[in-house]
Amino acid sequence: MHPPALGPRVLLRQLREVMAGPEVAQARLDRITKLIAANVVAEVCSIYVMRPGHELELFATKGLKQEAVHNTQLAINEGLVGTIAANSAMLNLSDAQNHPAFKFMPETGEEVFHSFLGVPILKNGKPIGVLVVQNETRRHYSSEEEEAVQTTAMVLAEIISSGELHDVANSTETDVAHLRSHFLTGEAVVPGIAIGHVVLHQPRVIIVNFVAADVDEEVRRLRAGVDTLRGQIDQLITSSDSPLGGDYNEVLETYRMFANDRGWVERIVDAVESGLTAEVAVERVQNENRARLAKSADPYLRERMTDLDDLANRLLRVLTGTAQTAAHEVLPDAAVLVARTMGPAELLDYDRSKIFGLVLEDAGSNSHVAIVARALDIPVIGELDGVVELVDTGDDIIIDGNSGEVHIRPNGEVVGAYAEKVRFYARKQARYAQLRDVEAVTRNGEKVNLNINAGLMADLPHLADSGAEGIGLFRTELQFMIARSFPRLDAQVELYKAVLNTAGDQPVVFRSLDIGSDKRLPYLSRAKEDNPALGWRGLRMSLSRPAFLKLQIRALLQAAAGKTLRVMFPFVANLSEFLEARQIVEHETRRLQHSDQPVPVDIRLGIMIEVPAIVWQLDDILVEVDFVSVGSNDLAQYMFASDRAESSLVRRYDLLSPVFLRVLQEIARKCKEHDVPVTLCGEMAGDPLEALALIGAGYRSISMAPASIGPVKAMVLSVDQAKLTKFIEPLIETPSQTIRTQLHAFARGNKIPV
Ligand code: PEP
Ligand code: MG
């Protein structure tokens, strides 16, 4: 029989003394191995730390040969230590040498030790090391001993991740992964280059105390923190203050469920009662949750892990007094925001003048946060899994939204090369600026109308700066998405008036409120839908709640009094929806006239072509509408049945596929036949190569983010449209997946900048 472990509280007190001591990191690790060996009465205690290249290196040991320290290395999955790291799970073995993963390391002298207890050292759920104890005799370590070793692993996680071990070995490559330079490639979502400093959208929590000085007081602090957290979530759900769109309310309900889950809170309390501080206890329980949920075969449960992670992080921020997002913190100049995901309204919460770039783990180019960033001309890289873990606020970072490249903590040469690229980019922008007043006419004299997409006051100066001919799409929902409650009539009138005044004689097409699917209003409750993209969105939602549409139409009519008002309706699936909306406009106009209020001199009403079914009703629709605008983002999503916000699907269906271009061509042809003006205002209009295809498919009016006007105009000026049409028309009839390569070759051969 082995004497029992001294218990985690005693151990933690001892660890606290070690942490408070003056030693350098190596001496500290050595003392910890001695302490833990004594605590569980083991002959061996060893600490392995993850090194660059994912090698686990023996960093300190009591009981194995000292010459093995910094010389023994194991790959992830190699030996028992590598297996623990690979699975992020503990191994408690009475006969280690008979375990199939056992690997004999002669330099350590461990062949005499039979029993083995190893636990992963986890930081944010990722293995950064392994802590092992061993005994000569065959024994099974008790749950108290497991507890003591796990608790020590939590403390070690903080030491390792603090960067303290940087100088432990003499070798310069000893640095841990989060201190090194990294080069990653994600999806280029919004073009542009940013050289700046990382700002974590959700600031990382820094834990300075690991061991509770007074356990009862610590439990009280934890419980108070949980109460605050619950209050915050309740308030987010009920108040109009919720900062996100998307499925946010659903997520918040999940948070509320977890935050009120006694099991979760009591497990954290138990960990505090073992002597940990509240913060370390939260991390410890979260690590256990991650290990459990990661093993689950159920994708729904694995998804919930992200929610639980977010909740645990929220609690940590409450406990440490850290802000929930960096939006209202002091930002460095040239801030590059890094986040797992972000809603469009959250991005708008930041001071635009400070934000130079955005890096997201999860966001495709048609997601609404990307659209808002594009409108604000902020370069964006998406689909960069794991980037949040690799960076810290203040790190140097370079992002290239043209290629999708991200350099974290770049070295001097990379910085130099990019500084040159930025100068080159600026020269290019200056050349585009020179084109501002040049008319967009092709080499064979075809006029192409270039308009901007807008949605915020901040967009308005771009109308003049970019040299666009008008606003082809004014997304009115952005005002609704950033507001704390439904914008009142006068607030709507004020914005629409400002837009029309800025535009002067240039046409502005207002789109009526387009919410639903991934665009939600936090203050508008909605029934849960299994398929929101196919549910209550766009015009169909407005018609089901006509009071909102009526109010908006009233605001538009008042704002455009004495002028021309152009309004289009989104997501129209059949003619009757448009007719119903038109009746509302007519009714509201009559109402104003009856009360002797001024009305617009001309009202033009159109629809967006976004639902495939409408393409087969064009003959009936085009005799009713004054104009149409193709929403290629949604049209593509519904034609290919491919979620536009799902980054993993982004490259699966090309907008330059003959089948999609054939549909676009057919729309343009029908509109010409009916003499109805047509514009295309999806994101493809702003990509010079895709815009080239649109000209080839018959479009003479397109609308895009302001920053795209210059590059697209440069393309228009160098293309011979007759030659292009001749080239593209037969290609559109082919059965291939895409004509991208051929179109690129055409552009190159004809010196068309794309
Ligand atoms: C579209 O769908 O192409 C479009 C312009 O509308 P939104 O991107 O706002 O849905
Ligand atoms: Mg749309």
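First listed ligand is number 1; within each ligand, the first listed atom is number 1.
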Just do the side chain to side chain contact (heavy atoms under 4.5 Å, CB included) check on Phe486 and Gln492 with the steps written out, would you?
CA-CA 10 Å; Phe486 206 91; Gln492 294 186 43; 4.1 Å; yes
Name whichever N, O or S atom of Glu610 ends up nearest to the Mg ion (ligand 2).
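Of all N, O or S atoms belonging to Glu610, OE2 is the one nearest the Mg ion (ligand 2).
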For N/O/S atoms only: which one belongs to Asp634 and is nearest the Mg ion (ligand 2)?
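Result: OD2.
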Does [X] have more than 12 heavy atoms from other residues, nucleotides or ligands lying within 6.0 Å of its [atom1]?
X      : atom1 : value
Arg662 : CZ    : yes
Lys354 : NZ    : yes
Asp351 : CG    : yes

Is Asp514 close enough to the Mg ion (ligand 2) to have an N, O or S atom under 2.8 Å?
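No, outside the cut-off.
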Part of Met684 within contact of ligand 1 (heavy atoms, under 4.0 Å):
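Neither; nothing of Met684 gets under 4.0 Å from ligand 1.
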Is Arg537 salt-bridged to Glu529, cutoff N-O under 4.0 Å?
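Salt bridge absent between Arg537 and Glu529.
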Could you tell me, atom by atom, which parts of ligand 1 come under 4.0 Å of a heavy atom of [X]?
X      : answer
Gly682 : 3 (O)
Asp634 : 1 (C), 2 (O), 3 (O), 10 (O)
Gly631 : 1 (C), 2 (O), 3 (O)
Leu473 : 5 (C)

Nearest 0.5 Å, what's the CZ-CD distance between Arg652 and Gln737?
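Nearest 0.5 Å value for the CZ-CD distance: 9.0 Å.
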Geometric N/O contact Ser632 with ligand 1, under 3.5 angstrom:
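N/O-N/O distance below 3.5 Å exists for this pair.
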Min heavy-atom dist Gln637 to ligand 1 below 4.0 Å
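It does not, in that no heavy atom of Gln637 comes within the 4.0 Å cut-off of ligand 1.
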Verify the distance criterion only: is there a donor paired with an acceptor across the side chains of Thr341 and Asp362 at less than 3.5 Å?
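Side-chain D/A pair, Thr341 to Asp362: absent.
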No-hydrogen, no-angle side-chain donor-acceptor test under 3.5 Å, Gln721 and Thr725:
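Their side chains do contain a donor-acceptor pair, which is all the 3.5 Å distance test asks for.
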Of Arg537, Arg644, Arg475, Glu683, which has the heavy atom at the shortest distance from atom 10 (O) of ligand 1?
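Residue with the shortest heavy-atom distance to the ligand atom: Arg644.
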